[in-house]
Amino acid sequence: MFLMETKNKRDFLQDLQVEFGYDFLFTVEPSGLSGGLDLFALSEFNVQVLSSNNRVIDVSATIDGNKIYISFAYRDPVINQKQYVWEQLARSSNSRSNVWFMVGDFNEIKGNHEKSGGCTRSESSFIDFRLMQQNCEMIELPYSGDCLSWVGRRHNYLIRCRFYRAMRNAKWFILLKCIVTIFPLYGI
């Protein structure tokens, strides 16, 4: 289980770890009143943290005897900081020869079709995210439910966007053929 923006210290999360029955907990502590990334796992998956920072936890794990990579991401919503996560993921792709999966809040959309409300964005504003997906050879997992899972207000507009995603490379499909991402429905 991956949690983002928890704003909680490790002590609190250790209590959740026990309550939820997980054997493994890795945290990136929040900075003041923002941030915090938390990864819970079961020992049977032999999770090893390869790298981490306040935006990405990158791990290897074992599923049915197969080594896989998973990048848990929370992309910075601050415009001048957004590129760093794309660069980090692109660098990781250079060393990935196995199954690779990305999941998280990417704070970005691929086009205006992934939002409702607010102003129309220019087509050029989507290029960096699309290039990251292409360079990392990522394919979106199918989903069920309402994919516009982020809701916010800008001025007088209610805006809904598809920020939360799960993506995999082609090798993932060979290992696990049927995975569907389910987006919970949040009240407005």
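Please read all numbers here as calculations on a predicted model, not as lab measurements. Residue numbers count from 1 along this sequence.
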Would you compute the distance between atom CD of Glu29 and atom CG of Leu13 and round it to the nearest 0.5 angstrom?
7.5 Å
Are Glu140 and Arg168 ion-paired here, with the side-chain N under 4.0 Å from a carboxylate O?
no
Which heavy atom of Asn107 sits nearest a heavy atom of Arg75, and at what distance?
ND2-O, 2.5 Å
Hey, quick one: are Ile139 and Tyr164 part of the same hydrophobic cluster, counting side-chain heavy atoms closer than 4.5 Å, chains of contacts allowed?
no
Could you state the interatomic distance from SG (Cys136) to CE (Met167), rounded to the nearest 0.5 Å?
8.0 Å
Show me the pairs that pass ring pair (Phe, Tyr, Trp, His ring centres under 6.0 Å) and involve residues 73-100, at least two apart or across chains.
Trp86-Phe129
Side chain to side chain, Arg162 and Tyr143, heavy atoms closer than 4.5 Å
yes
Taking salt bridge (Lys or Arg N to Asp or Glu O under 4.0 Å) as the definition, give me every residue that meets it alongside Glu137, ordered by chain and number, with sequence neighbours left out.
none
Can you tell me how far the CG atom of Leu158 sits from the CZ atom of Arg153, to the nearest 0.5 Å?
5.0 Å
Pairing residues for Gln48 by the side-chain hydrogen bond (donor to acceptor under 3.5 Å, both in side chains) criterion, not counting sequence neighbours
Asn46
Taken in chain and number order and not counting sequence neighbours, the residues that satisfy ring-ring contact (aromatic ring centres under 6.0 Å, His included) with Phe24 are none
By salt bridge (Lys or Arg N to Asp or Glu O under 4.0 Å), Arg91 pairs with (sequence neighbours left out) none
Is a salt bridge present between Glu108 and Arg121, judged by a nitrogen-to-oxygen distance below 4.0 Å?
yes
Got more than 12 heavy atoms from elsewhere within 6.0 Å of NE2, His155?
no
Using side-chain hydrogen bond (donor to acceptor under 3.5 Å, both in side chains) as the criterion, list what pairs up with Asp23, not counting sequence neighbours.
Ser43
Answer yes or no: is there a side-chain heavy-atom contact under 4.5 Å between Leu89 and Ser71?
yes
Over all atoms of both residues, closest heavy-atom pair of Asp76 and Arg55
OD2-NH2, 3.0 Å
Taking the hydrophobic residues Ile, Leu, Val, Met, Phe, Trp and Tyr, and joining any pair whose side-chain heavy atoms are under 4.5 Å apart, which ones share a cluster with Val18?
none
Single-linkage hydrophobic cluster Ile63~Met102, side-chain heavy atoms < 4.5 angstrom
no
Does any part of the side chain of Leu37, heavy atoms only, come nearer than 4.5 Å to the side chain of Leu3, both counted from C-beta?
no
Going only through I, L, V, M, F, W and Y residues with side-chain contacts under 4.5 Å, is there a path from Phe40 to Leu50?
no
Please identify each residue that fulfils ring-ring contact (aromatic ring centres under 6.0 Å, His included) with Phe26, with sequence neighbours left out.
none
Are Phe163 and Ile127 connected in a single hydrophobic cluster, I mean Ile/Leu/Val/Met/Phe/Trp/Tyr linked by side-chain heavy atoms less than 4.5 Å apart?
no
Checking side chain to side chain contact (heavy atoms under 4.5 Å, CB included) for the pair Asn135/Met132: CA distance, chi angles, key distance, verdict?
CA-CA 5 Å; Asn135 293 339; Met132 182 278 298; 5.9 Å; no
If Ile, Leu, Val, Met, Phe, Trp and Tyr residues are connected whenever their side-chain heavy atoms lie under 4.5 Å apart, and connections chain through other members, are Tyr157 and Ile109 in the same group?
yes
Between Lys110 and Glu114, the two heavy atoms sitting closest are N-OE1, 2.8 Å
Once you round to the nearest 0.5 Å, how far does OG1 of Thr27 lie from CZ of Phe12?
13.0 Å
Find the distance between OG (Ser97) and NZ (Lys67) and round it off to the nearest 0.5 Å.
8.5 Å
Glu123/Arg130 salt bridge by N-O under 4.0 Å criterion
yes
Do Ile68 and Trp172 have side-chain heavy atoms sitting under 4.5 Å apart?
yes
List the residues meeting side-chain hydrogen bond (donor to acceptor under 3.5 Å, both in side chains) with Ser122, not counting sequence neighbours, and say none if there are none.
Ser124
Pairwise distance CG(Asp58) to CD(Gln88) - rounded to 0.5 angstrom
7.0 Å
Please enumerate all residues that pass side-chain hydrogen bond (donor to acceptor under 3.5 Å, both in side chains) together with Thr6, with sequence neighbours excluded.
Asp38
Where do Met1 and Tyr22 come nearest, in terms of heavy atoms and distance?
CB-OH, 3.5 Å
Looking at Asn169 and Asn98, what are the two nearest heavy atoms and their distance?
ND2-O, 3.0 Å
The salt bridge (Lys or Arg N to Asp or Glu O under 4.0 Å) partners of Arg10 (sequence neighbours excluded) come to none
ring-ring contact (aromatic ring centres under 6.0 Å, His included) with Phe2: which residues, sequence neighbours excluded?
Phe72
All heavy atoms of Asn8 vs all of Pro30, minimum pair found to be O-CD, 3.4 Å
Begin with the C-alpha distance, continue with both residues' side-chain angles, and end with the deciding distance and a verdict on side chain to side chain contact (heavy atoms under 4.5 Å, CB included) for Leu39 and Val59.
CA-CA 10 Å; Leu39 178 61; Val59 305; 3.7 Å; yes
Heavy-atom check, side chain of Asn53 versus side chain of Val28, under 4.5 Å
no
Any heavy-atom pair between the side chains of Ile159 and Ser116 that's under 4.5 Å?
no
